[in-house]
Amino acid sequence: MTIPFLFLALFALMFIGVPVAISLGLAGSVTIILFSPDSVRSLAIKLFETSEHYTLLAIPFFLLAGSFMTTGGVARRLIDFANASVGHIRGGLAIGAVLACMLFAALSGSSPATVAAVGSIAIAGMVRSGYPQAFAAGIVTNAGTLGILIPPSVVMVVYAAATETSVGTLFMAGVVPGFLLGIVLMVAIYIIAVKKNLPAMPRATVREWLGAARKAIWGLLLMVIILGGIYSGMFTPTEAAAVAAVYSAFIALFVYKDMRITEAPKVVLESAKLSIMLMFIIANAMLFAHVLTTEQIPQQITAMVLEAGLEPWMFLLVVNIVLLVAGAFMEPSAIILILAPILFPIAVQLGIDPIHLGIIMVVNMEIGLITPPVGLNLFVTSAVTGMPLADVIKAAMPWLMILLGFLVLVTYVPSISMGLPRMLGM
Amino acid sequence: MNAMRLIWDRFEEGFIVFLLAAMTLVTFVYVILNNLYTVLYSVAEYFSERSEGVSEFFYTVGDFFLDIVQSMTWSNALTKALFAWLIFFGLAYGVRIGGHIGVDALVKLASRPTQRLIAIVACLFSLGYAGLLSVASFEWISTLMQASIGADDLGQFGVKQWHIGAIVPIGFGLIFIRYLEILVRIIRHEQVGLGLADEAADAMKLTETGESK
């Protein structure tokens with residue numbers, strides 16, 4: 001009785017347009033009041049506890065760093081650098097856009113931010129050089145999802161907080177899959193480019209390439225600071241995020257000087273707004289997940305799965321289907337917080353590494369970001385290009401197939417994600 | 001009345017910027033100091049065979065920073081407190097600018113009058129949520145006030161637990177007021193929906209400021 005009520009309330013509230021966070025919180029609170037002996041006071045405490053989560057502190061810092069990167073001209077220099085590196089290949093600007101997405105993803109932890117930063121410049125550039133707009137938009141919408149797979153990643157931070165796994169290990173586990181997905185997209189673009197005879201740029205001279213690299217170096221250096229700092233043990237991921245935020249503000253204001261100091265409060269406010277929104281969803285999703293835990297749902301489902309004698313590969317197949325459906329309707333952080341506590345114990349029982357499960361969930365969330373009706377990347381691309389949403393969905397669709405294939409690969413070849421962290425002894 | 005509102009809105013934005021900037025800087029300074037003394041010690045070690053004096057100097061400076069870092073146990077607690085204030089104070093700002101994401105694809109299929117009706121119902125639910133949690137958190141805080149326990153690592157400065165938690169009832173109270181405003185506007189036909197966020201437009205805003213420098 002309790003659980004059907006919980007989910008029915010959630011969906012009813014969401015579909016009449018109550019904000020996602022409030023739908024989660026209200027469904028959870030009313031369920032507790034009706035069916036559980038807990039006092040309402042415990043609701044307030046539960047929500048407040050979110051702010052005391054040390055791991056989650058990384059989120060506002062990474063979002064702040066991302067805002068300064070986008071506004072401060074780092075994205076533009078990364079795109080120039082990417083084009084100077086691969087522009088001479090057939091379909092070079094499109095391959096460059098994927099490379100730029102990969103580089104930006106290595107600095108920012110958010111996927112819509114990556115689409116916005118790279119898309120607003122790269123799509124227009126491709127259209128000017130004679131690429132079909134739908135082709136350009138489809139590529140950036142998909143490659144932008146790398147934002148949450150290539151570390152740092154806000155979604156990984158949330159998974160780590162929900163399952164108490166190590167953020168650092170998750171970050172390292174995301175490196176190879178992220179790189180691989182980027183390469184796969186590039187190869188696909190190259191094949192299409194040769195078939196459709198898409199334009200290539202004149203090869204950049206060594207001097208031009210060095211110039212572009214020199215301008216981009218300040219952005220690229222941040223990658224070293226974040227990953228190197230975490231890996232060497234100098235920083236915790238939260239501390240690395242704070243350093244990244246201050247560093248990118250410094251670069252934007254004093255090195256690139258693309259923005260004035262008076263503009264800084266506006267950027268801070270914008271990323272504060274993103275953090276508040278996200279944290280509100282996270283806090284309420286935790287409350288919602290708390291109801292599931294007190295009702296012993298994870299234990300019941302675990303028992304059911306074990307009794308049914310599911311093989312690990314069957315379980316992972318079910319996980320992927322559930323996550324893909326959920327991803328189409330819900331915000332990624334909320335899905336992770338609600339489903340990770342359920343999936344995590346089963347995975348452990350079946351001998352699946354929690355880090356591997358984390359990467360599988362992240363790749364599913366990537367796909368969720370480009371599937372309607374709730375696919376944030378689609379909305380962002382529609383906004384930066386002015387294309388109608390329906391056209392963006394159609395443009396992104398063929399590339400979605402590549403992502404689905406990639407998901408199967410990551411799911412059933414654990415060494416893709418686990419190889420690097422194992423090698424590093426994490 | 002309007003002037004008051006304008007002042008409050010500006011204060012709201014300014015305070016949010018202050019909170020995020022402060023928590024970032026506190027953490028940043030702590031991290032730098034925390035790594036600085038290790039660097040100074042290794043420099044000191046490097047000189048230990050070459051020059052006693054230089055080595056001694058770096059050890060002293062290193063000790064100085066180590067002392068600061070060790071006394072900075074409050075930095076972590078302060079960051080968390082600022083984070084709590086940022087989240088719960090910022091919620092009402094999020095409502096004001098329509099920043100909280102929601103699903104309105106289904107609602108938009110309905111006719112205008114139906115949309116208005118649905119919006120009123122959705123608004124009432126949001127008010128119920130804000131009201132419920134205002135009361136719940138107020139109860140919690142009054143208990144904490146009576147207990148009057150010092151906050152972890154901040155108690156030495158006279159900060160009590162309820163000073164930090166007090167933002168929860170305040171925040172939910174503010175959300176309640178903001179949704180009340182929205183309800184009035186919907187009933188008066190001044191607004192159609194709840195003003196749910198358009199994330200895409202936000203992402204645009206960031207890039208626009210970047211290009212229009």
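Sequence lines set the chain letters: A, B, ... in the order given, protein chains first and strands last, and positions in each chain run from 1.
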Chain B interface, residue from A:M14, A:E331, A:M279 that has the most non-hydrogen pairs under 4.5 Å: A:M279
Among B:S134, B:A21, B:G90, residue most engaged with chain A (heavy-atom pairs, under 4.5 Å): B:G90
Pick from A:A272, A:A240, A:A21, A:G229 with the largest number of heavy-atom pairs that fall under 4.5 Å of chain B: A:A272
Within-4.5 Å side-chain heavy-atom neighbours: B:Y30 and A:E239: yes
A:Y54 portion near chain B, given a 4.5 angstrom heavy-atom threshold: both
Close side-chain approach of B:L20 and A:S271, heavy atoms under 4.5 Å: yes
Chain A interface, residue from B:V121, B:L19, B:T143 that has the most non-hydrogen pairs under 4.5 Å: B:T143
Which portion of A:L378 sits near chain B, non-hydrogen atoms under 4.5 angstrom: neither
Salt bridge (charged side-chain N to carboxylate O under 4.0 Å, His left out) involving B:E45 - partner list, sequence neighbours excluded: none
Side chain, backbone, both or neither of A:L57 within contact of chain B (heavy atoms, under 4.5 Å): both
Atom group of B:I87 that falls short of 4.5 Å from chain A, counting heavy atoms: both
Winner by heavy-atom pair count (cut-off under 4.5 Å) against chain B, out of A:L47, A:T236, A:L43: A:L47
Top of B:V107, B:N35, B:L133, B:V168 for chain A proximity - count of heavy-atom pairs under 4.5 angstrom: B:N35
Which portion of A:L278 sits near chain B, non-hydrogen atoms under 4.5 angstrom: neither
Minimum side-chain heavy-atom gap A:M234-B:V31 below 4.5 Å: no
A:H53 side, atom NE2; B:F83 side, atom CZ - distance, nearest 0.5 Å: 10.5 Å
Least distance between heavy atoms, A:A44 atom then B:W140 atom: CB-CE3, 4.3 Å
Contact class of B:F15 relative to chain A, heavy atoms under 4.5 angstrom: neither
Winner by heavy-atom pair count (cut-off under 4.5 Å) against chain B, out of A:I33, A:I45, A:V30: A:I45
Members of residues 61-82 of chain B whose heavy atoms come closer than 4.5 Å to chain A: B:N76, B:T79, B:K80
Heavy-atom side-chain proximity of A:F15 to B:I118 below 4.5 angstrom: no
When A:T50, A:V115, A:N284 are compared by non-hydrogen pairs under 4.5 Å with chain B, the top option: A:N284
Any B:Y129 side-chain heavy atom under 4.5 Å of A:V18 side chain: no
A:V268 and B:F18, any side-chain heavy atoms less than 4.5 Å apart: no
Pairwise side-chain contact, A:F48 with B:F88, heavy-atom cut-off 4.5 Å (strictly under): yes
Over 12 non-hydrogen atoms of neighbours within 6.0 angstrom of OH in B:Y46: no
Closest heavy-atom pair and its distance - B:I97, A:K273: CD1-CD, 2.9 Å
Inter-residue atom distance A:S275.OG - B:M23.CE, 0.5 Å rounding: 7.5 Å
Top contributor to chain B interface from A:N377, A:T238, A:L64 [non-hydrogen pairs under 4.5 Å]: A:L64
Heavy-atom pair of closest approach, residues A:G17 and B:A122: C-CB, 4.4 Å
Interatomic spacing from CD in B:Q115 to CD1 in A:I16 - rounded to 0.5 Å: 13.0 Å
Most chain A-contacting option - heavy-atom pairs closer than 4.5 Å, from B:L91, B:I164, B:T27: B:L91
Any B:F125 side-chain heavy atom under 4.5 Å of A:I22 side chain: no
Verdict with supporting geometry, A:V246 and B:T24, side chain to side chain contact (heavy atoms under 4.5 Å, CB included): CA-CA 7 Å; A:V246 174; B:T24 312; 3.9 Å; yes
